[in-house]
Amino acid sequence: MLLRIFVSKVTIIEMTKLSVNVNKIATLRNARGGDVPNLIKTVKDIERFGAQGITIHPRPDERHIRYQDARDLKDVVTTEFNIEGNPVEKFINLVLEVRPEQVTLVPDSVDAITSNAGWNTVKHKIFLKEVIEEFKRNGIRTSVFVDPIPEMIEGAKLIGTDRIELYTEDFATKFKNGQLSAVKPYVEAALLAQDLNLGLNAGHDLSLENIQFFSESIPDLLEVSIGHALIAEALYDGLEKTIKSYLKALDK
Ligand SMILES: CC(=O)[C@@H](O)[C@H](O)COP(=O)(O)O
Ligand SMILES: NCC(=O)COP(=O)(O)O
């Protein structure tokens, strides 16, 4: 008797991971120079509430996350630790010391208010390739911040990065104005990343308003890192409870 076993192909669609960027917690803390809000406690809570990763983006002026915060968080983060930044020498040394699960390379200029562009992976090919090799030699997964431009994604493949992070500000701005087609270049970028076997992350100005549409549109989106909007939304959501607690405390 001929026994035939049919194995059906099972496709497992992984849920997109949420990595919470805690820069804004540090911004608030630094405003008074003390330890309120406490970054370590906030990170532990964020993980307890279910986030699957913590992102920090130390900048050379240390205006929010300080280099020491990265060291302090090393043994606190139990999910995926992602450190973003421009790979200047000080940053490279910090990442090699802390050894997060992932490093995301972002081409920030020193005086930028926030990240405002992806890498030109063609122009900076040699530099990025060297930096990526060094991180990978040390067991750290790499991701490179890029605009959804095919040439830049092909360039990212050539420098040997494990993943790319799509810079989503343009999508977020247009989506706010009702332009749903703004997601199209990101879908095409994701399909190209799939073809090239590059893992896919995304971030910048993602929010509760746009995240469902974005994540449902983008194939194989492994991770989003969200900070600014998420922390603002957490404030709005928490205000009612907090005001009521104060009123109760004042009610003699
Ligand atoms: C790469 C990126 O888009 C984020 O890291 C973003 O730039 C957050 O940095 P800031 O909190 O300094 O704006
Ligand atoms: N990589 C993007 C990030 O970490 C958070 O960006 P934003 O949500 O603060 O704009």
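First listed ligand is number 1; within each ligand, the first listed atom is number 1. Along the sequence shown, residues carry numbers from 1.
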Item to check | Test applied, side-chain hydrogen bond (donor to acceptor under 3.5 Å, both in side chains); reference residue, Asn30; option that passes from Glu62, Arg63, Arg66 | outcome: Arg66

Checklist entry - Is Asp205 in polar range of ligand 2, meaning some N or O pair under 3.5 Å apart? => result yes

Checklist entry - Between Asn82 and Thr55, is any side-chain donor less than 3.5 angstrom from a side-chain acceptor? => result yes

Checklist entry - Is a side-chain donor-acceptor pair under 3.5 Å present for Asn23 with Arg59? => result no

Out of all atoms in ligand 2, which are within 4.0 Å of some heavy atom of [X]? Include the element for each.
X      : answer
His228 : 7 (P), 8 (O), 9 (O)
Gly227 : 5 (C), 7 (P), 8 (O), 9 (O)
Thr55  : 4 (O)

Measure the acute angle between the ring planes of [X] and [Y], then classify it against the limits of 30° and 60° as parallel, tilted or perpendicular.
X      : Y      : answer
Phe171 : Tyr186 : perpendicular
His57  : His64  : perpendicular
Trp119 : Phe127 : tilted

Any idea which heavy atoms bring [X] and [Y] closest together, and the distance?
X      : Y      : result
Ser115 : Val106 : OG-CG1, 3.7 Å
Ile56  : Phe81  : CD1-CZ, 3.7 Å
Leu206 : Ala229 : O-CB, 3.4 Å
Asp108 : Gly85  : OD2-CA, 4.4 Å
Thr79  : Gly53  : OG1-CA, 3.4 Å

Between [options], which one has a non-hydrogen atom sitting closest to [atom]?
atom                   : options                : value
atom 1 (C) of ligand 1 : His228, Lys24, Glu84   : Glu84
atom 5 (C) of ligand 2 : Gly203, Ser225, Ser19  : Ser225
atom 2 (C) of ligand 1 : Ala117, Ser115, Gly227 : Ser115
atom 6 (C) of ligand 1 : His64, His204, Arg63   : His204

Around [atom], find the nearest protein heavy atom and jot down its residue, atom name and distance.
atom                    : value
atom 4 (O) of ligand 2  : Asn21 ND2, 2.7 Å
atom 6 (O) of ligand 2  : His204 CA, 3.7 Å
atom 12 (O) of ligand 1 : Arg59 NE, 2.6 Å
atom 13 (O) of ligand 1 : Thr114 OG1, 2.5 Å

Next on the checklist: Below a 4.0 angstrom heavy-atom separation, can you tell me which part of Glu165, side chain or backbone, both or neither, approaches ligand 2?
Outcome noted: side chain

Item to check | Sub-4.0 Å atoms of ligand 1 with respect to non-hydrogen atoms of Asn23 | outcome: 8 (C), 9 (O), 10 (P), 11 (O), 12 (O)

Checklist entry - Numbering the atoms of ligand 1 from 1, which are under 4.0 Å from a heavy atom of Asn21? => result 5 (O), 8 (C)

Checklist entry - Considering only heavy atoms, does Phe145 approach ligand 1 within less than 4.0 Å through its side chain, its backbone, both, or neither? => result side chain

Checklist entry - Are any of the heavy atoms in His57 under 4.0 Å away from ligand 2? => result no

